[in-house]
Amino acid sequence: MATSSISRVAKNPTNFSIRNVESQKKSIFSRHLSFSNSSISLQKLSLVKGSYFSRKFHTTTVFNVLETVESKSDLLSRTQYPDNVVRTERPTILVSEKLGEAGLDLLRTFGNVDCSYNLSPEELCAKISLCDALIVRSGTKVTRQVFEAAKGRLKVVGRAGVGIDNVDLQAATEFGCLVVNAPTANTIAAAEHGIALLASMARNVAQADASMKAGKWQRNKYVGVSLVGKTLAVMGFGKVGSEVARRAKGLGMHVIAHDPYAPADRARAIGVELVSFDQAISTADFISLHMPLTPSTNRVFNDETFSKMKKDVRIINVARGGVIDEDALVRALDNGTVAQAALDVFTEEPPPKDSKLVQHENVTVTPHLGASTKEAQEGVAVEIAEAVVGALRGELSATAVNAPMVPPEVLSELAPYVTLAEKLGRLAVQLVAGGSGIQSVKVVYESARDPANLDTRLLRAMITKGIIEPISDSHINLVNADFTAKQKGLRISEERVLVDSSSENPIDSIQVQVSNVESKFASALTENGYISIDGRVKYGIPHLTRVGSFEVDVSLDGNLILCRQVDQPGMIGRVGNILGERNVNVSFMSVGRTAKRTKAIMAIGVDEEPDKDTLKKIGEVPAVEEFVFLEL
Ligand SMILES: NC(=O)C1=CN([C@@H]2O[C@H](COP(=O)(O)OP(=O)(O)OC[C@H]3O[C@@H](n4cnc5c(N)ncnc54)[C@H](O)[C@@H]3O)[C@@H](O)[C@H]2O)C=CC1
Ligand SMILES: O=C(O)C(=O)COP(=O)(O)O
């Protein structure tokens with residue numbers, strides 16, 4: 001008989017009307033009674049729905065659909081606002097490194113932009129709890145401390161460039177913060193810088209320039225090497241690597257590449273042979289690095305790998321300093337294995353003033369200038385501003401780094417199922433008797449679609465949200481759903497059941513099963529002993545269609561009383577009277593039973609939350625065997 005202590009969500013009268021019409025006019029099961037007196041016609045309903053869908057569902061991203069769906073179903077627990085508050089004020093966007101004006105202008109049309117450059121880690125942590133978004137380049141370390149200091153307000157980190165090795169992605173994910181980058185706008189700039197370093201290193205341009213400025217004229221000292229006919233190994237054949245390869249081919253070089261993930265046909269198309277790591281480094285005259293810094297590429301160029309290189313090899317690094325063991329490189333330069341190196345990036349930036357590597361006479365250096373052209377900086381600024389604004393609007397950018405991508409057409413199709421999934425999660429957790437922790441949840445999707453064509457990650461995230469949020473202070477979104485579930489020891493498994501129906505709808509029904517728990521409403525348990533509830537989307541609106549082994553049919557909105565009683569005449573009237581006397585408005589009622597005159601379940605939708613006394617009175621009706629009050 002316990003009732004739940006879950007906090008209420010706001011109500012929107014328009015949605016009640018829609019639901020009432022839905023209940024009244026679209027009842028499918030014979031014993032479904034509607035207590036609605038709504039005068040909205042079905043035609044009007046479809047108009048409302050039509051305009052709603054056509055206006056909103058052109059959107060292309062996950063959070064936008066979540067926002068749309070949630071505002072439609074009156075949930076204020078918005079995915080992207082962890083403090084459960086719908087913010088109406090302009091968001092604050094902190095830009096911690098120089099960003100192109102076009103990007104800043106775009107950001108200013110949407111939020112308050114705080115350009116604070118050269119912040120110390122402490123200053124960044126002090127500011128961040130006042131910010132909704134942070135935009136960085138490679139110079140700002142977005143550490144776990146930053147996410148902790150944000151106190152849940154920071155919703156998106158935008159990296160105005162490619163490399164995200166300066167952002168603690170694991171921490172971002174744990175804190176439900178989306179990370180987006182600008183992966184395309186500086187590709188050419190980085191490739192051109194790679195080629196500039198290659199050519200200037202080969203012809204000693206920087207050294208000769210410094211020598212002349214020191215008053216010298218050393219023509220014999222600075223004899224260079226030619227590029228034509230030499231072998232260049234491109235390590236990392238991604239966007240930058242392939243542009244470098246293309247340009248090097250134009251200089252008459254023989255280009256090979258190593259990239260465990262690059263498709264061979266892409267390489268073949270520009271006349272580049274993909275080879276193994278060892279083959280690349282042992283045959284190349286020049287080696288150009290273009291792989292990201294990850295645990296597996298960290299210091300991949302070290303004493304051992306330098307020793308496998310051809311004598312007098314020349315190395316260019318426009319990727320990340322950390323892929324080279326810099327002390328080993330100094331040794332390789334000193335012992336003559338590596339003739340020259342041209343470096344734009346360093347393990348520590350800026351490197352120490354007395355760095356042997358930077359000071360080495362055979363090394364050409366630039367201070368991380370790969371992306372620093374006017375064109376690239378305007379490009380990344382706009383690219384990242386669009387991504388950040390989109391994310392703050394509730395959209396999931398196409399350049400999200402720590403969240404799954406769900407194609408736009410899948411998103412709009414799944415929208416009503418997203419609401420259904422969250423509500424089933426909310427209901428399931430409220431049916432669990434206090435004290436027994438949920439560890440294992442199984443979700444069964446019935447669908448006529450080929451499982452390969454059914455992306456359920458979004459639904460699983462929303463079921464997780466529905467289950468976890470009411471019983472904890474965690475705030476779940478698509479970024480952190482799986483992580484949070486795992487952290488709380490909640491295992492969510494999924495099963496797809498192929499059914500013989502129209503594949504026009506992505507899903508026929510969703511069943512949520514919670515096993516190894518006690519229920520505060522025993523009728524929700526199946527004969528196998530687990531809590532089981534089913535839901536469907538009918539005419540765009542989520543419905544609860546089964547509780548345990550009882551079929552019901554109620555639209556999922558407002559609050560719900562589930563009663564199990566002896567199936568006998570007069571029960572609906574008796575319970576309805578108790579609620580009516582206490583001014584609790586019944587919005588719909590549905591009765592389900594397994595057999596005539598045995599046991600039945602009554603599902604009663606109520607607009608107001610009945611007080612304890614009212615619920616007690618319902619419990620005292622002699623034929624009522626158990627009941628539970630649930631908030632959706
Ligand atoms: N110096 C600068 O200012 C700039 C530096 N960069 C850096 O250049 C690097 C590449 O950037 P993009 O080409 O845009 O990225 P990308 O993601 O298009 O390419 C990276 C490639 O590296 C490959 N890769 C991953 N692990 C590898 C491994 N162990 N061995 C060989 N290849 C591996 C990937 O398969 C991918 O094809 C990044 O680290 C980025 O941060 C990018 C732009 C400017
Ligand atoms: O995009 C990248 O990965 C870069 O390294 C460019 O860095 P930056 O934005 O110039 O600090």
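First listed ligand is number 1; within each ligand, the first listed atom is number 1. Note that this is a predicted model, so its numbers are computed, not measured.
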Discussion item. Before you tell me yes or no, could you show the steps for Tyr445 and Glu494 under side-chain hydrogen bond (donor to acceptor under 3.5 Å, both in side chains), namely the whole-Å CA-CA distance, both residues' side-chain angles and the distance that decides it to 0.1 Å?
Written reply: CA-CA 8 Å; Tyr445 306 97; Glu494 294 175 291; 2.7 Å; yes
Practice prompt. If a pair satisfies salt bridge (charged side-chain N to carboxylate O under 4.0 Å, His left out) and one of its residues is in residues 236-247, list it, with sequence neighbours excluded.
Written response: Glu243-Arg246, Glu243-Arg247
Practice prompt. Could you check whether the rings of His258 and Phe277 sit parallel, tilted or perpendicular, using 30° and 60° as the cut-offs?
Written response: perpendicular
Discussion item. Using modelled atom types and a 3.5 Å cut-off, is there a donor and acceptor pairing between side-chain atoms of Asp327 and backbone atoms of Val330?
Written reply: no
Worksheet item: salt bridge (charged side-chain N to carboxylate O under 4.0 Å, His left out) with Arg314: which residues, sequence neighbours excluded?
Response: none
Worksheet item: For residues Gln340 and Asn204, is any side-chain donor paired with an opposing acceptor at under 3.5 Å?
Response: yes
Fill in: Amino acids in close contact with ligand 1, where any non-hydrogen atom sits under 4.0 angstrom away
Val162, Gly163, Asn186, Ala190, Gly236, Phe237, Gly238, Lys239, Val240, His258, Asp259, Pro260, Tyr261, His290, Met291, Pro292, Thr297, Val318, Ala319, Arg320, Asp344, Val345, His368, Gly370, Ala371
Item to complete: Could you please spell out the steps behind the salt bridge (Lys or Arg N to Asp or Glu O under 4.0 Å) verdict for Lys213 and Asp209?
Response: CA-CA 6 Å; Lys213 284 184 173 134; Asp209 176 75; 3.0 Å; yes
Worksheet item: Checking side-chain hydrogen bond (donor to acceptor under 3.5 Å, both in side chains) for the pair Asn166/Ser138: CA distance, chi angles, key distance, verdict?
Response: CA-CA 6 Å; Asn166 53 322; Ser138 60; 6.0 Å; no
Worksheet entry | Test item: Lys465 side-chain N/O and Ala481 main-chain N/O as donor-acceptor pair under 3.5 Å | no
Write 'none' if nothing qualifies; otherwise put on separate lines each N/O atom of ligand 2 with a protein N/O atom under 3.5 Å away and their distance to 0.1 Å.
residue	atom	partner	partner atom	Å
ligand 2	1 (O)	Val162	N	2.7
ligand 2	1 (O)	Asn186	ND2	2.9
ligand 2	3 (O)	Arg159	NH2	3.4
ligand 2	3 (O)	Gly163	N	2.7
ligand 2	3 (O)	Arg320	NH2	2.8
ligand 2	5 (O)	Arg320	NH1	2.9
ligand 2	5 (O)	Arg320	NH2	2.9
ligand 2	5 (O)	His368	NE2	2.7
ligand 2	7 (O)	Arg159	NH2	3.2
ligand 2	7 (O)	His368	NE2	3.3
ligand 2	9 (O)	Arg137	NE	3.0
ligand 2	9 (O)	Arg159	NH1	2.9
ligand 2	10 (O)	Arg137	NH2	2.8
ligand 2	11 (O)	Ser138	N	3.0
ligand 2	11 (O)	Ser138	OG	2.5

